[in-house]
Number of protein chains: 2
Amino acid sequence: MSDEILGGDLSRLRQLNTQTALRVLRGAEPMTLTELAKRTGLSRASTEDVVDDLIAQRRVAEVPPVAGVMGRPARRYRFRGDAGHALGVDIGAHRVRALVTDLDGTVLGRAQAEVPDSAGREKRLAAADEVVDTCLRDSGVDPADLWGAGVASSGLVDPTGKVVLSVAIPEWTGLNLAEHFGKKIQAPVLVDNDSRLAALAEQWRGVARYAKDFIYLLAGLRTGLGLVIDGKLHRGFAGAAGEMGALPAAGWIRAQDHLATWEGEVGDLFAAARAGDRRALGAVRRYVKDLSVGTAALVLALDPQMVVLGGGFSRSADVLLEPLRRELDKQCIRTPEVRASTLGEESVALGAVRLALDHAERAMFGEAARLKS
Amino acid sequence: MSDEILGGDLSRLRQLNTQTALRVLRGAEPMTLTELAKRTGLSRASTEDVVDDLIAQRRVAEVPPVAGVMGRPARRYRFRGDAGHALGVDIGAHRVRALVTDLDGTVLGRAQAEVPDSAGREKRLAAADEVVDTCLRDSGVDPADLWGAGVASSGLVDPTGKVVLSVAIPEWTGLNLAEHFGKKIQAPVLVDNDSRLAALAEQWRGVARYAKDFIYLLAGLRTGLGLVIDGKLHRGFAGAAGEMGALPAAGWIRAQDHLATWEGEVGDLFAAARAGDRRALGAVRRYVKDLSVGTAALVLALDPQMVVLGGGFSRSADVLLEPLRRELDKQCIRTPEVRASTLGEESVALGAVRLALDHAERAMFGEAARLKS
DNA sequence: CTCACTTTCTATGGTCTCCACAATTAGTGG
DNA sequence: CCACTAATTGTGGAGACCATAGAAAGTGAG
């Protein structure tokens, strides 16, 4: 089993209790000590100690009591979303985007810029740098106050932050993004694949909030995959999980070809399908059918609670969802919920923010992971 | 993230520390207090307290000190494998098997019996009951001393222990195995799918001991699948994970047909292939090729550390492994290690034992899982 | 056989964290 | 203004951990 060391001395126990209290407070409305004590399982007295610590650390704040109830009015405490900030950067094939949020995920600044597919490495990086600068300026967040930054890139990213391989942005291959952004940002910079980060966002603030296992499809001109298994984003042994697109039999490579038969933008195709155009409907059906093969394989293998359709095409979920559901129904033993992402275009950047926050919070709590000697 | 409550009061801390100490002792040779203290991160004094507790609980025993070393000889302690026993039952299409082991996994008793495919529900259950009885008698383990029993069945099993659907044993569908064996055994009875349990065994005592993520193929006249992800056996939202075989595009349904072209037993086919017979080699190649499609899909999606080939065909791993490796190499971005199970025919029953032990140990340690109110 | 040396064992006292319980306080409602 | 309610504050105690110091049980050299 796992080799983690869970216990430790008394300070470790306090650390664990503080962590649970913070987690409870973060996920709910302001709360009295009595309520918090019940939720954490601690006594009221100890809860008070813990909260005092959290206030000293500026991670929790007191809010005015509620009037009009029986008994002495209880002090109430809330999680301080403004205690930290994070930056998320999404570098796509034809757009770069940046986002600054606080710990609650409230967006404080956003910026984006178009970049031609043919831009080349330097131009794309320069554009990314600029949206980051704009974003920080607009949000009024001092770069020194950042807890971390997350960067999303299409393609395979290794654990050090280097792009191992990118098909969508060929000139990207070999670039170390962590290093690049590390120069500008004096905080941990984490890099990961765009589909995976979009899945993370969906788990954080999207339709998969209460799902422990789900399959996320980043559907667009290419199809990406993110897996959340047992509540955790799955990266794989070498960080190469989610590359279903590489397998011809999965159908994801040729799926988009069916949409290319339509002259004009993909958006128009979906609009035509929505209006009932038979040729458009046929193309959509064939697209979904190909997409469903690899998806059904995953559903059968993993039996997830949910399949989430995200990415550019999720705007047209109304014409995609039902056919996808039908195809999966045909091929699977148990069809999971099939839902469309509601996060829109910022989902990837939001996932990058979450990546940064996860890392920062793990570091802050010391991570029980002391290694056995 | 997760809603678990980790902390608690001082007794909970002690519980955690005891648990870590026991885990360290279980996984290694007898150890002195100083060594154990280093590995658990506790002080020597506290380690002594913890070990005293464990001795009182009869989970740890003292062994004679090692002579001939400098300084005062240190007492040494070992994990007591004989502190508990578990039963594992494997009910297959043409064989039933039972196993009794101690906590170390040492097999204390075994029994098996052939059952014709056409046996029917009653006969098969009677045969299973008999091997269980034989096994308990031979091992000399009092049924009352069992910590639990695990039962492996082919097909889909729901969380209550009922067989929802079995293709290999049609008359099995609808049968509640937990209920059946619960009458005989006064301890928790857990039921799960055979492929999954074989994967569990492989993680416990097989080639996947040090792998956190691996794909297990139960290769035989049907192909089964077990997934271990992030160190945990993956069951899926409704316990239906691993049913890759249901998807035609995965190739697993027709794979066996290539072997059926050979007149005579499958074993002879593999032997002929081993001897260099070209027709046999062709059949094997086509079998592996079909098997590899679904496997490659999983490898690409999950990027596991290892693919383990188990089941009846693993005896012929020498003719299967290399072709499988080659196929995966062609289709995958990063090919994981491909290895054959070394557990032999008892792997499924052994996994059933592990299932029982896991449950019993979780129950014993109280499982931090108190729910928020 | 004795003595120096090494390492473990045992015992003591101190600190930290949690808890239970009692006394106090600040409101509501008649 | 007085009962009633529920939160706060304060006290004492128990449990678990740690550091440290001295006693104990071996080895190895002379």
Side-chain angles (χ1 to χ4, degrees), chain A residues 5-22 24-25 30-57 60 62-78 365-366 368 370, chain B residues 5-22 24 30-57 60 62-78 365-366 368 370 373:
Chain A
I5 291 174
L6 275 172
D9 61 5
L10 299 183
S11 68
R12 172 76 183 138
L13 181 63
R14 163 58 68 93
Q15 199 181 39
L16 289 172
N17 284 332
T18 309
Q19 207 171 333
T20 355
L22 192 59
V24 169
L25 282 171
M31 201 175 295
T32 68
L33 287 176
T34 317
E35 273 178 300
L36 184 58
K38 200 188 294 177
R39 296 239 205 161
T40 55
L42 295 179
S43 73
R44 213 208 88 99
S46 305
T47 307
E48 196 167 355
D49 283 355
V50 165
V51 168
D52 284 348
D53 275 10
L54 283 170
I55 288 177
Q57 290 171 35
V60 159
E62 194 175 336
V63 298
V66 185
V69 292
M70 266 301 195
R72 177 171 175 170
R75 290 185 300 208
R76 281 155 64 243
Y77 301 91
R78 67 171 174 86
F365 286 125
R370 282 162 267 168
Chain B
I5 290 172
L6 276 173
D9 61 6
L10 299 187
S11 69
R12 171 76 183 142
L13 182 61
R14 163 58 68 93
Q15 199 181 39
L16 290 171
N17 284 331
T18 310
Q19 206 169 335
T20 352
L22 192 61
V24 169
M31 203 176 291
T32 68
L33 287 176
T34 318
E35 274 178 297
L36 184 58
K38 202 188 290 176
R39 296 237 205 161
T40 54
L42 294 180
S43 73
R44 214 207 86 99
S46 306
T47 308
E48 197 167 353
D49 283 354
V50 165
V51 168
D52 284 347
D53 275 9
L54 283 170
I55 288 178
Q57 290 171 36
V60 159
E62 196 175 335
V63 298
V66 183
V69 292
M70 266 301 196
R72 175 171 179 172
R75 291 183 300 206
R76 282 156 62 243
Y77 301 91
R78 68 171 174 85
F365 285 126
R370 282 164 266 166
S373 67

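Note that the structure is predicted; figures quoted are calculated from it, not measured. In the text below, chain A, chain B and the rest are named by the order of the sequence lines, each starting its count at 1.
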*Quick one: salt bridge (charged side-chain N to carboxylate O under 4.0 Å, His left out) partners of B/Asp49, sequence neighbours excluded?*
B/Arg14

*Please list, chain by chain and in numerical order, all residues satisfying side-chain contact (heavy atoms from CB on, under 4.5 Å) with B/Val69, sequence neighbours excluded.*
none

_Note, B/Glu35 side chain near B/Val24 side chain (heavy atom, < 4.5 Å)_ = no

*Please find the earliest and latest nucleotides of DNA chain C, in the 5' to 3' direction, that have an atom within less than 4.0 Å of any heavy atom of chain B.*
C/dT6 to C/dC19

*For A/Leu13, which residues count as a side-chain contact (heavy atoms from CB on, under 4.5 Å) partner, sequence neighbours excluded?*
A/Asn17, B/Leu10, B/Leu13

*With B/Thr34, which residues qualify under side chain to side chain donor-acceptor pair (under 3.5 Å), at least two apart?*
none

_Proximity to DNA chain C (any heavy atom under 4.0 Å), residues of residues 69-77 of chain B only_ = B/Met70, B/Gly71, B/Arg72, B/Pro73, B/Ala74, B/Arg75

*With sequence neighbours left out, write down each residue that passes side-chain contact (heavy atoms from CB on, under 4.5 Å) with B/Ser43, or none if nothing qualifies.*
B/Ala45, B/Ser46

*Quick one: list whatever passes side chain to side chain donor-acceptor pair (under 3.5 Å) with A/Arg72, sequence neighbours left out.*
none

*Name all residues meeting the side-chain contact (heavy atoms from CB on, under 4.5 Å) criterion together with A/Arg78; count only those two or more places apart in sequence or in a different chain, and write none if there are none.*
A/Pro30, A/Ala61, A/Val63, A/Arg80, A/Asp82

Would you tabulate the pairs of protein nitrogen or oxygen atoms and nucleotide nitrogen or oxygen atoms of nucleotides 14-20 of chain D closer than 3.5 angstrom?
residue, atom, partner, partner atom, Å
D/dC17, OP1, B/Asn17, ND2, 2.7
D/dC17, OP2, B/Arg14, NE, 3.1
D/dC17, OP2, B/Arg14, NH2, 2.7
D/dC18, OP2, B/Ser43, N, 2.9
D/dC18, OP2, B/Ser43, OG, 2.6
D/dC18, OP2, B/Ser46, OG, 2.6

*Please identify each residue that fulfils salt bridge (charged side-chain N to carboxylate O under 4.0 Å, His left out) with B/Glu48, with sequence neighbours left out.*
B/Arg44, B/Arg75

